[in-house]
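Just so you know, residue 1 is the first one in the sequence shown, and it goes up from there. Computation of the quantities below employed the complete heavy-atom set of this structure, encompassing side-chain atoms and omitting hydrogens, waters and symmetry-equivalent molecules.
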Amino acid sequence: MKQKDKCGKEKSPNETESFKEGTKKEKSHRSLKTDWKLIVRGFHVLYEVCPQSMIWGTIKCITHQLAPYFTLYLSAEIISRLAAGASFQSLLTLALITVAGQLLLNLAMHFTARKVEETERIRFDLNELFLLKVQCRMQYKHLENPETVQLRQRIRDHSNFGGHGLSTLYRRFWDFLSAIFNIIFSVSLTVSLLHSVPGANLSGWLAFVNHPFSALVLLALIGINISAEMINIYHFAPKRMKIWSDFSIRFARSIGYMQFSSDTTIMGAVDLSLKRCGDVLVEDGHLREHFKNNTAEDAVSRMLRAITNLVLYLYVGAKAYIGAFGIGNFVLYTGTVNRFVEAVSDLGGDFSEMRRNNEYLIELYRFLDLPDEMYHGTLSVEKREDNKFEIEFRNVSFKYPGSDSYALRNVSFKFQIGERLAFVGMNGSGKTTFVKLLCRLYDPTEGQILLKGIDISKYDYDQYLRLFSVVFQDIFLFAFSLGENISARQDYEEEKVRTCLQKVNFGERLSELEQGLKTACGRMYQNDGVEFSGGEEQKIALARALYKDAPYIILDEPTASLDPLAEAEVYASFNEIMDEKTAIYISHRLSSCRFADKILVFDDGRIVQQGSHDELVNEKNGKYYELWNAQAKYYTREQ
């Protein structure tokens with residue numbers, strides 16, 4: 001069965017592997033057809049990220065390119081009628097149509113430009129926006145893979161330091177589209193230029209102009225002009241870019257001679273540093289070669305353009321003289337043909353730039369094509385008001401991808417609804433792995449995790465995730481309002497947000513905020529935002545978990561940034577905070593776990609003990625007793 005990429009496009013099983021062969025190999029073997037497919041796929045990606053911007057941008061291109069042709073056509077018509085002695089009334093009518101049409105087109109251009117501005121997301125870094133969107137639905141094992149992290153960083157670097165990737169494609173797309181519409185409009189208005197005058201008694205140059213062969217000569221000349229532009233774009237331009245790139249590197253290295261320091265000043269080496277830098281630049285022939293080649297190629301291009309324009313003016317003038325069309329069409333045809341040549345040249349340049357940009361898009365596609373091997377079930381998770389969702393680990397073992405050792409070994413455990421559980425153990429003992437499997441960030445290597453007796457892989461993934469609220473030690477607050485941060489919505493229930501903040505002892509701090517729930521978190525976008533302390537951020541995160549109202553709450557060191565008094569306040573009201581939910585608490589501070597109904601002790605990927613604090617601390621041969629006394633001695637030495 002064919003897989004689908006992150007954009008929903010079907011791809012063969014070999015497609016992902018083909019992208020993984022490396023950028024250099026791709027570059028040396030890519031055909032024009034392959035490059036075009038890569039660009040088209042990029043257009044699909046752009047449409048997925050900002051569909052409204054793409055639609056309104058296309059309409060904007062049409063109106064902007066149509067406007068000058070509309071003016072050219074009607075101006076030529078007015079001149080022709082004026083030369084033919086048309087009545088004042090007909091000329092006035094045509095002039096009014098011209099002015100009204102220009103007004104409507106200007107309004108359309110203004111309206112579409114505003115719509116594009118409203119919907120355009122490129123200002124927020126299109127690459128980053130799309131990568132974040134993809135990451136939210138990417139298999140978690142890829143996000144923890146160092147190779148994936150490096151790949152993503154390369155994509156970001158291409159975007160941030162060169163504007164390459166989706167950003168370049170987005171900008172070039174409008175130029176490319178404008179050139180296409182330019183060609184369509186110019187050809188539509190110019191095709192009548194090639195018509196002959198039947199039955200005309202002409203001789204010499206005029207007879208040649210009226211013959212169909214002359215049109216072929218003109219088209220051939222235009223083709224030569226366009227070919228010269230294409231050669232310049234596809235052959236000389238890349239060489240010039242390479243020369244300029246090499247020169248830029250050499251220039252940057254020469255600046256290394258100008259590293260001023262106290263030694264430079266004291267030893268009087270300033271002049272020597274400046275002279276050495278200047279010598280390198282003067283001796284470097286790359287820049288002179290760049291300007292020499294550029295001047296020669298531009299001279300050839302300008303000469304061909306001048307010859308084409310001369311022949312065009314003579315041809316159009318002769319056609320108008322023999323009566324093939326009105327004198328006003330002289331302005332129309334010379335304008336449209338010139339715009340046609342420029343549009344074809346622009347089209348080639350834009351396509352060439354997009355082909356070069358494919359090197360960076362391939363990196364992006366490698367990221368998008370990382371396979372999703374996780375099974376996605378379809379069973380609906382039953383909605384229960386009593387939160388009685390029973391989960392069981394049955395003989396679960398797990399190895400991380402690429403590892404030969406087990407992170408969890410033969411773990412069996414059944415959650416009792418409404419329990420307060422604490423997971424303790426040394427780093428790497430399996431606590432976090434247990435939680436990752438519970439939230440189905442990974443699937444077990446062996447064994448099963450069951451929800452109401454059914455393997456969790458059978459359930460709809462998004463619905464299953466709604467069972468959990470997680471508070472991590474590393475808190476992240478969005479640059480939104482306080483209310484939006486807690487609810488993750490714009491249309492949140494204010495009273496519910498206030499209640500959640502009260503439960504985590506944030507009520508007093510909330511009353512001190514002038515803008516209340518509308519207070520901006522941080523000053524990234526608003527100068528009147530509030531920078532909350534680490535402890536306050538953790539309280540906000542706790543309130544966020546409560547607002548979600550999931551039946552299971554997982555707390556990863558939730559009070560690590562709180563002072564002892566604030567921590568004591570949280571634990572004093574812990575049962576009220578958690579209500580009837582099942583709470584899983586991960587901690588390295590065993591003294592913080594005494595409130596738990598049951599403590600699970602992890603060691604070397606196994607649950608080696610479980611019970612209350614009093615029960616475990618009395619098992620003098622147990623791991624918990626060892627950990628407890630190790631921490632107790634530490635605190636005693638500190639005192």
Side-chain angles (χ1 to χ4, degrees), residues 61-109 178-223 225-226 304-346:
C61 275
I62 294 174
T63 55
H64 275 68
Q65 299 310 316
L66 178 61
Y69 289 103
F70 177 82
T71 304
L72 263 176
Y73 176 78
L74 288 179
S75 298
E77 190 67 20
I78 290 174
I79 294 173
S80 294
R81 292 192 182 188
L82 185 63
S87 65
F88 174 77
Q89 185 177 1
S90 65
L91 292 174
L92 181 61
T93 301
L94 199 56
L96 291 174
I97 292 174
T98 304
V99 172
Q102 287 176 333
L103 179 61
L104 289 174
L105 283 171
N106 286 334
L107 289 174
M109 286 190 288
S178 295
I180 289 176
F181 286 126
N182 247 326
I183 292 171
I184 293 172
F185 293 144
S186 60
V187 169
S188 299
L189 292 179
T190 311
V191 68
S192 59
L193 170 64
L194 307 178
H195 292 168
S196 301
V197 180
N201 186 17
L202 304 170
S203 61
W205 161 250
L206 295 179
F208 173 75
V209 168
N210 195 43
H211 195 279
F213 182 72
S214 65
L216 295 177
V217 173
L218 178 63
L219 291 175
L221 186 58
I222 293 174
N225 201 345
I226 292 172
L304 283 172
R305 180 69 64 86
I307 293 173
T308 303
N309 285 338
L310 175 62
V311 173
L312 175 64
Y313 278 103
L314 291 173
Y315 183 83
V316 174
K319 281 274 192 176
Y321 179 78
I322 64 177
F325 43 74
I327 191 65
N329 283 26
F330 180 87
V331 176
L332 174 64
Y333 292 138
T334 52
T336 53
V337 171
N338 275 321
R339 289 181 68 87
F340 171 77
V341 174
E342 291 175 1
V344 173
S345 176
D346 291 341

Looking at every heavy atom in both [X] and [Y], which two are closest together, and how far apart are they?
X      : Y      : value
Ile183 : Phe340 : CG2-CE1, 3.8 Å
Gly328 : Ser80  : N-OG, 2.9 Å
Thr63  : Ala108 : CG2-CB, 4.0 Å
Phe70  : Thr98  : CE2-O, 3.7 Å
Leu91  : Ala86  : CD1-O, 4.0 Å

If I take atom [atom1] from residue [X] and atom [atom2] from residue [Y], how far apart are they, to the nearest 0.5 angstrom?
X      : Y      : atom1 : atom2 : value
Tyr333 : Thr190 : OH    : OG1   : 7.5 Å
His64  : Asn106 : NE2   : CG    : 9.0 Å
Leu66  : Met109 : CG    : CE    : 9.0 Å
Leu332 : Thr71  : CG    : OG1   : 11.5 Å
Thr336 : Asn329 : OG1   : CG    : 9.0 Å

With a cut-off of 6.0 Å (strictly less than), are more than 12 heavy atoms of other residues, nucleotides or ligands near CZ of Phe330?
-> yes

Qualifying salt bridge (Lys or Arg N to Asp or Glu O under 4.0 Å) pairs, either residue in residues 69-78, two or more places apart | Glu77-Arg81

Measure the shortest side-chain to side-chain distance between Phe181 and Phe185 over non-hydrogen atoms and say whether it is less than 4.5 angstrom.
-> yes

Any side-chain heavy atom of Phe208 within less than 4.5 Å of one from Val217?
-> yes

Could you verify whether a donor N or O on one side chain and an acceptor N or O on the other, from Thr93 and Ser90, lie under 3.5 Å apart?
-> no

All side chain to side chain contact (heavy atoms under 4.5 Å, CB included) counterparts of Ile79, not counting sequence neighbours | Ile327, Val331

Donor-acceptor pair, Ser186 side chain versus Asn182 backbone, under 3.5 Å?
-> yes

Determine, step by step, whether Leu189 and Leu72 satisfy the side-chain contact (heavy atoms from CB on, under 4.5 Å) criterion, reporting the C-alpha distance in whole Å, the side-chain angles of both residues, the deciding distance to 0.1 Å, and the verdict.
-> CA-CA 10 Å; Leu189 292 179; Leu72 263 176; 5.7 Å; no

